[in-house]
Amino acid sequence: MQSELTIALAGNPNSGKTTAFNSLTGSHQHVGNYPGITVEKKEGYIRLLSGESVRVIDLPGTYSLTAYTQEETVARHVLARERPDVVIDVLNAGALERNLYLTIQLLELGVPVVLALNMMDEAARQGMSIDLDRLAERLGLPVLATVARTGEGLPELLAATEAYIATRRGAPWKPLHISYGPDLDPVLTRMERLITDKGLLTDRYPARWVALKILENDTVVLEEVGRLMPDVSAALLAEREEVAR
Ligand code: GDP
Ligand code: MG
């Protein structure tokens, strides 16, 4: 028997995540808090077309996955711990460029992503037209248009998510590799190699992702790395100082 499927909903604050979550899960949900903090935890269940029941987690709203806020720290801990089969990334279609920043961070983490371009009613009102097929092709992901407030597009979103899960089930996460240019790339490669060799946090995160977080001065990753492997941490920080100079 295969283990229970998990879908996580991610997105910037006010992108319509909770509206979509409520509509998808109906009354099959419960709300609590993550232990010791005030960030709300919402989970529910939905039934797929196949009849299979899926657990759905409404992640806290975040602009990135760097630990700048409690929400961001929680969101990525949940992703690393629960390893969802798919993340539905809910975007405000009217602010695509800002919203796609989180998408890229999710892809760098390696989690399979389905994009829900939400608030398409607002985008249309502003005279915007978005080439969904082109975006899907460029990102290599399913991209669906939704209006969570009315429920428009949600059945199609769920069907596309189900189909995507079916093609990826059991496959390892495959982190997207983005070039950060000639100054950073060689440093990233060296850091990545060291992190891989030492197995530093690699049970949870891709090595390149750990390297990027160190370059971003992510306090949670830095603290953990320093505690687990002080000598490796020193070498990685030396790389950061060097490239900063
Ligand atoms: P969250 O912070 O991502 O969980 O966002 P919410 O689900 O709380 O939604 C934020 C606001 O946007 C609420 O007032 C929703 O009613 C509204 N909203 C959600 N989806 C849509 C949509 O597709 N179109 C429009 N016009 N408003 C929406
Ligand atoms: Mg919400």
Side-chain angles (χ1 to χ4, degrees), residues 6-46 54-79 81-82 84 86-107 109 111-133 135-136 139 141-161:
T6 304
I7 296 174
L9 290 180
N12 289 10
N14 293 315
S15 60
K17 234 160 19 67
T18 300
T19 308
F21 174 87
N22 288 339
S23 177
L24 289 168
T25 59
S27 56
H28 305 284
Q29 57 169 269
H30 56 91
V31 182
N33 274 352
Y34 290 98
I37 52 176
T38 54
V39 178
E40 190 181 80
K41 180 181 189 183
K42 286 186 81 155
E43 286 195 16
Y45 280 89
I46 48 179
V54 188
R55 187 160 68 106
V56 186
I57 305 170
D58 186 18
L59 293 174
T62 61
Y63 295 105
S64 84
L65 292 177
T66 305
Y68 296 131
T69 65
Q70 215 170 43
E71 283 76 10
E72 288 165 338
T73 306
V74 168
R76 82 174 186 213
H77 274 158
V78 173
L79 290 172
R81 194 184 54 230
E82 310 279 344
V86 160
V87 170
I88 298 178
D89 183 11
V90 181
L91 284 75
N92 175 352
L96 256 195
E97 192 172 345
R98 173 164 53 83
N99 281 249
L100 281 169
Y101 183 65
L102 175 65
T103 311
I104 295 303
Q105 296 224 331
L106 288 166
L107 293 174
L109 192 56
V111 59
V113 173
V114 172
L115 287 195
L117 293 198
N118 193 41
M119 309 219 172
M120 283 299 269
D121 54 337
E122 276 301 322
R125 220 187 318 276
Q126 290 164 30
M128 257 183 222
S129 107
I130 298 169
D131 188 339
L132 300 178
D133 291 339
L135 191 57
L139 292 171
L141 319 165
V143 177
L144 284 297
T146 59
V147 181
R149 194 187 256 170
T150 62
E152 203 181 320
L154 292 180
E156 292 82 358
L157 172 66
L158 195 54
T161 302

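Just follow the structure's listing: the first ligand is 1, and inside any ligand the first atom is 1. Treat the numbers as computed from the prediction; the structure is a model and nothing was measured.
Polar contact with ligand 1: present for Ser15 (N/O pair, distance under 3.5 Å). Residue Gly16 places at least one N or O, backbone or side chain, under 3.5 Å from an N or O of ligand 1. Residue-to-ligand polar distances keep Ala20 apart from ligand 1: every N/O pair is separated by 3.5 Å or more.
The parts of Thr18 lying near ligand 1 are both backbone and side chain, judged by heavy-atom distances below 4.0 Å. Only side-chain heavy atoms of Glu122 come within less than 4.0 Å of ligand 1; its backbone N, CA, C and O stay farther off.
Between the Thr150 side chain and the Val147 main chain, a donor and an acceptor come within less than 3.5 Å of each other.
Considering Asn118, Thr150, Asp121 only, the shortest heavy-atom separation from atom 20 (N) of ligand 1 involves Asn118.
Rounding to the nearest 0.5 angstrom, the gap separating the CG atom in Leu59 from the CD atom in Glu72 is 12.0 Å.
Among the backbone and side-chain atoms of Thr19, no N/O/S atom is found under 2.8 Å from the Mg ion (ligand 2).
The Asn12 neighbourhood of ligand 1 comprises atoms 3 (O), with distances under 4.0 Å to a heavy atom of that residue. Against a heavy-atom cut-off of under 4.0 Å, Val147 is close to the following atoms of ligand 1: 22 (C), 23 (O), 24 (N). Applying the 4.0 Å criterion to heavy atoms of Ala148 picks out, from ligand 1, the atoms 20 (N), 22 (C), 23 (O). In the vicinity of Thr19, heavy-atom distances shorter than 4.0 Å reach the ligand 1 atoms 6 (P), 7 (O), 9 (O), 15 (C), 19 (C).
Here the closest heavy-atom approach between residue Arg76 and residue Leu65 is recorded as NH1-O, 2.8 Å. In plain terms, the two heavy atoms of Tyr63 and Asn12 that are nearest each other are CD2-ND2, 3.4 Å. Taking all atoms of both residues into account, the shortest heavy-atom contact from Met119 to Gly16 is CE-N, 4.2 Å.
Distance check for atom 22 (C) of ligand 1: a protein heavy atom is found below 4.0 Å. Proximity of atom 25 (C) of ligand 1 to the protein is indicated by at least one non-hydrogen atom lying closer than 4.0 angstrom.
For the residue pair Lys17 and Asn118, no side-chain donor N or O sits within less than 3.5 Å of a side-chain acceptor on the partner.
For Gly61, the heavy-atom gap to ligand 1 stays at 4.0 angstrom or more.
Tested against Asp89 for a side chain to side chain contact (heavy atoms under 4.5 Å, CB included), the candidates Leu102, Asn99, Leu117, Val143 yield a single pass: Leu102. Of the candidates Ile88, Asp121, Leu154, Thr146 forms a side chain to side chain contact (heavy atoms under 4.5 Å, CB included) with just one, namely Leu154.
In Glu152, the CD atom is not crowded: 12 or fewer heavy atoms of neighbouring residues, nucleotides or ligands sit closer than 6.0 Å.
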